[in-house]
Amino acid sequence: MRISQFITRYPLVVITLIVGLGAFTCALGGANDLARWLASGWVIVVVGLTAIEMIKDIVAGHWGLDILAVVAMVATIAVGEYFAGLVIALMLTGGEALEDYAAQRAGRELDALLDRAPQSANRIDTNGDIRTISAEEVRVGDVLIVRSAEVLPVDGILLSKEAELDESSLTGESMPVVHRRGQEVFSGTVNGSLTFRMRATATAADSQYASIVALVREAVESKAPLVRLADRYAVPFTIVSLAIAALAWWLSGDPTRFAEVLVVATPCPLLIAAPVAFMGGMSRAATSGIIVKDATTLEILSRIRTAAFDKTGTLTSGRPVIEAIETRALDEAEVLGLAAAAEQYSVHVLAQAITATATAGNLRLPQVETAEEIASNGVRVRLVDGRRVVVGKASFVQQATATFPPASLQAGQSAVYIGLDGHLVGTIILADPLRTNAGATIAALTQLGVRELHMLTGDIAPTARAIGNRVGIAAVQAECSPQEKVEALAQMPNRPVMMVGDGINDAPVLAAADVGIAMGARGATAASQSAAAVITSDDLSAVAHAVQISQRTVRIAIESIWLGIIISVGLMAVAAWGFLPAIIGAAMQEVVDLVAIVGALRALKPGKDEHGDLTAPVRLAPENARCDLSAADCQRNAPQCGQPHCSRSAA
C-alpha cells in the first residue's frame, strides 16, 4: 500500500503519529505546556470518537475491549501522563489497519499467480505452420506447441508421448510432475525441457488458471470483518483491571496510581494477538492451497462438529475411467475408436474419458463428415465412408438399433452404448473411482473432533451407499435436489456444519453451510463463489488440513492472548505498589505487545504435527463389504483398524 493510500484510509493513525512526534519535539525544546495540550487534546478527540462507537456497541449488546482503553486514556490525561495516553491512542487507532492487513495476507501468498497469467500461445495451423497468438485467441480443439520453460496457456489434453510440468503454482507440489499422452494438463503450469503438443479443451477464460486467479482476487477483496476473538475476554479483563486500579488508588490515596495501573492494563496485547494469529493462519492455509476468504471462517472451522460431503468430484475423483468394453461383432479397439470418433464432439464427462483413453492408446479414429450432439443423450455422426454411428445413453441408442440387450451394471458404474448402422456393436462400462485418500480424510476429521459425517448427493441410492460404506460415512442421503441438500443441512443438530462440494449444483448448500468448502481445482466457479473457503489443489485431504490449521491458529491466538493477560496482570501488580511510573509502564506495555505478536506469529509456520497421516491413503474394502463395528467405532479406530471385514481397514 502506498503512503498516500495509507494516509487516506487510516487518517487517525497518521494524525496520532504526527501529534506524538510534535508533542515529543515540543517537550525536548522545553515547551512542556504546549506538548501537554497538544497530546491531551488529541487523546480526548480519540476518546470521543471511540466512545461514540463504544456506546453503539453496548446498545447493540456487544461489550468490547474499547471500554478499558477509553477509561485508561481518560485516566492518563487526568493525571497528566499524556505520552502514555498517546501510546494507548496509537494502539487503538492502529487496530483497524492491522486487521485489514491480516485479512489481505492470504491473498499476498498467491500474488505470484496474477503475475504469471499466460499471455501467448503457439498454435499449429491447418497447413502445419506454427503461429504465435494471444492466449485469449485460443479456441477449443486448437493444437498447440508448448516449448521449454513456457507457461501452458489453456487447459488441454497431452498429444505427445509425455511432458514434465512444474505445477507448484497450482498445487504447491515442488517436484515436477510427468504426464503421459491422453492425460489432462492445466494452464498456469510450466513446461520442463521437452517441447510437446497439446489439444486445447478450454479457452483461456474458462481454464483452471483463470478460475484460480478469480478466486484469489475474491479472497483479497473480501471485506468480511476479522474475528475479534479477544472480545470474549473483554468484560472479565476490564473488571479485574479496574478493580486492581481502584484498590491501588484506595490503598495509596494517590489517583496517579489508578492511571499507572490502567496503562499497563490496556488491552493492546488482546487487540493485537488475535489479528496477527489469524493473519498467520490465513497465510499458512494459502501456502497449502487453501484460500480462506475471511478470518471468521478460520474461527468457525476450528469448532466444526458436523461435516457433509457431496459424492461426485468430492469423495470420488470426478474423472470416470473405462472399466470394461463389451463388444458385438467388432473388437474392443474398433468399438473404442467408433465411440471416440463421435464423443470428441461432446463435452460430457464420460465422453472426455472415452476420447482420452483412445488418444492414450494411439488409436486412429475414423474420419467424421457430420456430427450432432443431443444434450443429455449422446452424439450422432456420419463417417466419411457413409457409416452412421450413434453413441450415448441407453434410451437414446435404443431408438436407433434393432436389438438392444442392456448392460448389467454394478453400483457406481455407468454405460455408454455404441450403435453402428442400426445395430448395437458395443457397450463401454465406466466408473468414477473413489479418491485414494477419501477414507483417510474422513478418519482425520473424526480425530480432529468432527462428531457427525454425512453424504448429500444427487446420485442414485445404491451407488451412494456403496461409496459411503467404503469411506466410513453411515448417514447417506441420495437423489437429493439442490434444495433438498439445503434442507438436510439445516436439520443437522451438531453445529457448526461444514459442507464440501465441487459442482454448480452444490452452490446453494455451500452458501447455506456454516462453512462451505469448494473443491475448486478444476474451476467450479459457481461453487467457489458460494463457499467460504476454496481448495485450489485436487486433494480432498486439504479439507482436514484446513480444519487442522484453523484449530492450531485459534489455539495460538488464545495462548497469545493469555500470555498478554498474565504479563499485564503481573505488571498491574507492580504498578499497584507504585514501582512502575506511567511512562515506563507504557514502554513496558510495548514489550508485552512484542511478546504477544511473536507468540501469535507462530501461526505462520506449520506445526510439528500439522501433516501427520492426513494424506496417507488407506486400503478400502470392496463395495459389498460388511463391517461388524458401528460406524462410530470404525471411524474412531481408523486407520489403525485391522479387521479385514471392516470398510476402514488399514493398509
Side-chain angles (χ1 to χ4, degrees), residues 124 126 140-144 156-163 179-185 196-201 319-409 413-433:
I124 302 178
T126 53
V140 175
D142 285 352
V143 177
L144 309 176
I157 297 293
L158 183 63
L159 299 179
S160 299
K161 182 178 180 181
E162 68 177 27
H179 291 267
R180 309 295 180 188
R181 180 184 288 116
Q183 290 185 330
E184 290 180 281
V185 290
F196 65 83
R197 293 185 307 128
M198 60 175 284
R199 177 180 288 112
T201 58
R319 296 186 178 93
V321 295
I322 294 177
E323 292 195 338
I325 300 178
E326 299 176 358
T327 64
R328 296 167 62 87
L330 304 179
D331 61 29
E332 290 188 2
E334 290 176 306
V335 170
L336 179 59
L338 289 171
E343 294 285 47
Q344 65 183 325
Y345 296 95
S346 172
V347 295
H348 193 278
V349 65
L350 298 181
Q352 295 174 13
I354 291 172
T355 56
T357 303
T359 301
N362 293 319
L363 290 183
R364 291 183 61 85
L365 306 185
Q367 289 186 311
V368 176
E369 184 174 309
T370 62
E372 177 188 14
E373 181 179 17
I374 292 82
S376 302
N377 285 280
V379 183
R380 294 193 191 101
V381 302
R382 185 173 66 192
L383 305 180
V384 294
D385 58 11
R387 291 183 296 170
R388 296 180 180 273
V389 180
V390 180
V391 178
K393 63 195 300 185
S395 59
F396 176 67
V397 177
Q398 187 174 15
Q399 297 173 2
T401 56
T403 58
F404 192 88
S408 178
L409 302 178
Q413 291 183 329
S414 300
V416 173
Y417 297 88
I418 300 94
L420 176 64
D421 291 335
H423 298 281
L424 181 70
V425 295
T427 307
I428 298 177
I429 309 298
L430 303 98
D432 186 7

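Remember, it's a predicted structure, so these values are computed and weren't measured experimentally.
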Rounded to the nearest 0.5 Å, what separation is found between the [atom1] atom of [X] and the [atom2] atom of [Y]?
X: Ile325; Y: Leu336; atom1: CD1; atom2: CG; result: 4.5 Å
X: Thr355; Y: Tyr345; atom1: OG1; atom2: OH; result: 12.0 Å
X: Arg180; Y: Lys161; atom1: CZ; atom2: NZ; result: 8.0 Å
X: Thr359; Y: Gln344; atom1: OG1; atom2: CD; result: 8.5 Å
X: Ile418; Y: His423; atom1: CD1; atom2: NE2; result: 15.5 Å
X: Leu350; Y: Lys393; atom1: CG; atom2: NZ; result: 11.0 Å

- prompt: Is the backbone of Leu159 close enough, under 3.5 Å, to the side chain of Arg181 for a donor and an acceptor to pair up by distance?
  reply: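 Present.
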message: When you measure from the side chain of Ser160 to the backbone of Arg197, do you find a donor-acceptor pair of N or O atoms at a distance under 3.5 Å?
response: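 Confirmed, Ser160 side chain pairs with Arg197 backbone.
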field: Full working for side chain to side chain contact (heavy atoms under 4.5 Å, CB included) between Leu383 and Val368
entry: CA-CA 4 Å; Leu383 305 180; Val368 176; 4.0 Å; yes
message: Walk me through whether Ile428 and Leu430 qualify under side chain to side chain contact (heavy atoms under 4.5 Å, CB included).
response: CA-CA 6 Å; Ile428 298 177; Leu430 303 98; 3.8 Å; yes
Closest heavy-atom contact between [X] and [Y]?
X: Ile354; Y: Ala339; answer: CG2-CB, 4.0 Å
X: Glu184; Y: Ile157; answer: CG-CD1, 4.0 Å
X: Gly337; Y: Leu363; answer: N-CD1, 4.1 Å
X: Val321; Y: Pro433; answer: CG2-CD, 4.1 Å
X: Leu365; Y: Ala340; answer: CD2-CB, 3.8 Å
X: Ile429; Y: Ala407; answer: CD1-CB, 4.0 Å

Side chain to side chain contact (heavy atoms under 4.5 Å, CB included) between Glu334 and Val425, intermediate numbers included: CA-CA 10 Å; Glu334 290 176 306; Val425 295; over 6 Å; no
query: Do you see a donor-acceptor pair shorter than 3.5 Å between the side chains of Ser346 and Glu373?
result: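 There is such a pair between these side chains.
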pair Thr201-Gln352: side-chain heavy atoms closer than 4.5 Å: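 They are not in side-chain contact.
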- request: Using a 4.5 Å cut-off on heavy atoms from C-beta on, say whether the side chain of Leu330 contacts that of Leu338.
  value: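 The answer is yes; the side chains approach within 4.5 Å.
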message: Could you go through Arg380 and Phe396, starting from their C-alpha distance and side-chain angles, then the distance that decides it, and tell me whether this counts as side chain to side chain contact (heavy atoms under 4.5 Å, CB included)?
response: CA-CA 10 Å; Arg380 294 193 191 101; Phe396 176 67; 3.7 Å; yes
field: For Asp385, the option from Arg387, Arg388, Arg382 that meets salt bridge (charged side-chain N to carboxylate O under 4.0 Å, His left out)
entry: Arg387
